Every structure is written in C-alpha cells, then in structure tokens.
Amino acid sequence: MQHPRGVAGLTPGGVSVWTRDAIVRLPPDEYRAISALIDEAGARSARAQGLPAPITSTDRLLEDQRLYLACSDATRPRGGPSVLVGILKVGPKRLFVAKPSGGMEEMEPCCVLDFYVHESSQRGGWGSLLFDAFLQREDRHPARLAYDRPSPKLVAFMAKHHNLRAFAKQNNNFVVFDEYWSEE
Ligand code: ACO
C-alpha cells in the first residue's frame, strides 16, 4: 500500500491517528494521496475478512471515529513515498448485548470496527503496535471494548496479546469478552 506522494502527519516506522476532520482539512494533493492509501487498505481488509464491501474508506469515516495508520520507515512525509502497513478503525456504537448472567444491556462501548495489516507484514508485530498505540492514546482496556465480527486471526491475536478468550455469541455479530463485565 504505497503512494509516491508524501502525506505530512504520517509517522515513519510508527502510528499516526486521523479523524475525518483532520483528513478533509488536508491540501488537495495530500488528501488524494492519503485517500488512495486508506481506500486500498479498506478494500484489502474487506477481502481478507471475506466481506462483500469495505468497512473503511475515506468517505465512510464518521465524525466520531478514529483511524490509526501504521507506516513503514520507508515513509517520507514530505515528498513521499507514503508506505502504509496497517489500519485500525475504532469508534462508539450503540449495542444491545446479552449478559452472561442473563438479560440484555443497552450500551455504547468503544468498538474495534476494522483492523488490518498487509499480508506481507502480518505476524511481525505491526498489529500490536497499532492496537497498543490506540489503547495508550485513548486510555482503554482491551476487555472494555466491543469487537465487530472478529476474524479467527483477531480472536488468536486477542488471546495471545491480551489473554482474552471467552465470549458469548451475540445476535449482532459484535463480541464482548466475558471480562467486560468483571472489569466494570
Ligand atoms: N493465523 C492465526 N493467528 C494469526 C495470524 C494467522 N495467519 N496472523 C496473526 N495472528 C495472531 C496470532 O495470535 C499471532 O501470534 P503468533 O504468530 O505467535 O501465532 C499474532 O496475531 C501476531 O501478532 P501481531 O504480529 O502483532 O499481529 P499482526 O500484525 O499479524 O496483525 C491482524 C493482526 C490485524 C489480525 C492481522 O493478522 C490481519 O490483518 N489479519 C487479516 C484481517 C483480519 O482478520 N482482521 C481482523 C478483522 S476483525 C475486526 O476488525 C474487528
């Protein structure tokens, strides 16, 4: 996921965080460059998860969502190229969740909505870099999040890095780990 143009604000070898507002305020050339990268990552993520359409694109980024972008150290924010390795999209969602003790609860947790690392870089620590940058910046606990349709790779990732395994299946495809209730 590479664009010849550099986008100011990308972090070579690290993670930058973007909102819809920050993206639309970019100068036209930089807007086009970052949009091309985000849209390609969104399309690849959908393909990797077997989804019919991308969840992430520049146009679909809502005002209350944050998009974390991990860039390789080949990235040159001024002049280019921009080399995107992975994306993580998070934001609030109003959900009805079945509690392990029975009954439903209406809640609005922060949700992991889309998470993707390019195939050539998976299992190289980029996913952890993105996820930890998000946890730290927003002061979140992984158990107090909801996960939209987690793939088998994400389930393995959460077990390995955050020791989160048990969850009850919900009707809405979101996963809330059992620890959500004990971390309350
Ligand atoms: N098979 C099984 N587990 C995997 C795989 C795989 N092919 N790839 C990563 N993992 C899990 C494992 O626990 C792995 O540890 P291990 O190598 O010791 O088994 C761990 O993730 C590796 O951690 P990182 O290197 O930090 O993570 P990575 O850079 O691979 O990013 C991610 C994880 C984002 C899930 C990535 O594998 C990916 O993009 N997968 C394809 C898209 C996807 O499934 N995204 C999640 C969708 S669900 C949602 O967004 C809410």
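As the structure lists them, so they are numbered: ligands from 1, and atoms in each ligand from 1. Every value quoted in this text rests on a predicted model; they were computed, and no experiment measured them.
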The atoms of ligand 1 lying under 4.0 Å from a heavy atom of Asp114, numbered in the order shown, are 50 (O)
Residue and atom name of the nearest protein heavy atom (relative to atom 45 (N) of ligand 1), distance in Å to one decimal | Phe115 O, 2.7 Å
Should the pair Arg149 and Phe174 be classed as cation-pi, given the thresholds of under 6.0 Å to the six-membered ring centre and 45° from the axis?
-> no
How far is atom 44 (O) of ligand 1 from its nearest protein heavy atom, and which residue and atom name does that atom have?
-> Ser151 OG, 2.5 Å
With a cut-off of 6.0 Å (strictly less than), are more than 12 heavy atoms of other residues, nucleotides or ligands near CG of Asn173?
-> yes
State yes or no: do Leu130 and Leu135 share one hydrophobic cluster built from I, L, V, M, F, W and Y residues joined by side-chain heavy-atom distances below 4.5 Å, directly or via other members?
-> yes
One finds that the ligand 1 atoms under 4.0 Å from a non-hydrogen atom of Arg149 are 48 (S)
Could you tell me whether the side chain of Arg78 and the main chain of Arg76 form a donor-acceptor pair under 3.5 Å?
-> no
For Ala156, is at least one N or O under 3.5 Å away from an N or O on ligand 1?
-> yes
Residue Trp126 vicinity, atoms of ligand 1 by number, heavy atom under 4.0 Å = 29 (O)
Within-4.5 Å side-chain heavy-atom neighbours: Ile38 and Ile87 | no
Search all heavy atoms of Arg137 against all heavy atoms of Val17 and return the closest pair with its distance.
-> NE-CG1, 3.1 Å
Verify atom 9 (C) of ligand 1: protein non-hydrogen atom under 4.0 angstrom away | yes
Atom 23 (O) of ligand 1 [closest protein heavy-atom partner, distance rounded to 0.1 Å] | His161 NE2, 2.9 Å
Which residue and heavy atom of the protein sit nearest atom 19 (O) of ligand 1, plus the separation = Arg123 NH2, 3.0 Å
Under a heavy-atom criterion of less than 4.0 Å, does Pro150 contact ligand 1?
-> yes
Between Phe177 and Tyr147, does the ring centre distance come in under 6.0 Å?
-> yes
From the options Phe157, Phe134, Tyr68, select the one residue that forms a ring-ring contact (aromatic ring centres under 6.0 Å, His included) with Phe115.
-> Phe157
Do the non-hydrogen side-chain atoms of Tyr180 and Arg144 ever get within less than 4.5 Å of each other?
-> yes
Spell out, as yes or no, whether a donor-acceptor pair under 3.5 Å connects the side chain of Thr75 to the backbone of Ser82.
-> no
Aromatic ring proximity Phe131/His162, centre distance under 6.0 Å = yes
So for Lys160 against ligand 1, with non-hydrogen atoms under 4.0 Å, the contacting part is side chain
To the nearest 0.1 Å, how far is atom 7 (N) of ligand 1 from its closest protein heavy atom, and which atom is that?
-> Lys153 CE, 3.2 Å
At what distance is the nearest protein heavy atom to atom 25 (O) of ligand 1, and which residue and atom is it?
-> Gly125 N, 2.8 Å
For atom 38 (C) of ligand 1, closest protein heavy-atom neighbour = Gln122 NE2, 3.5 Å
In ligand 1, which numbered atoms sit nearer than 4.0 Å to a non-hydrogen atom of Gly124?
-> 25 (O)
Could you see which bit of Gln49 sits under 4.0 Å from ligand 1, with heavy atoms only: side chain, backbone, both or neither?
-> side chain
Could you tell me whether Ser128 and ligand 1 have an N or O pair separated by under 3.5 Å?
-> yes
Counting each atom of ligand 1 from 1 as listed, which ones have a heavy atom of Leu154 under 4.0 Å away?
-> 46 (C), 48 (S), 49 (C), 51 (C)
Among Asp114, Thr58, Leu61, side chain to side chain contact (heavy atoms under 4.5 Å, CB included) partner for Leu67 = Leu61
May I ask whether Glu119 has any heavy atom positioned less than 4.0 angstrom from an atom of ligand 1?
-> no
Shortest protein contact, atom 29 (O) of ligand 1 (heavy atom only) = Gly127 N, 2.9 Å
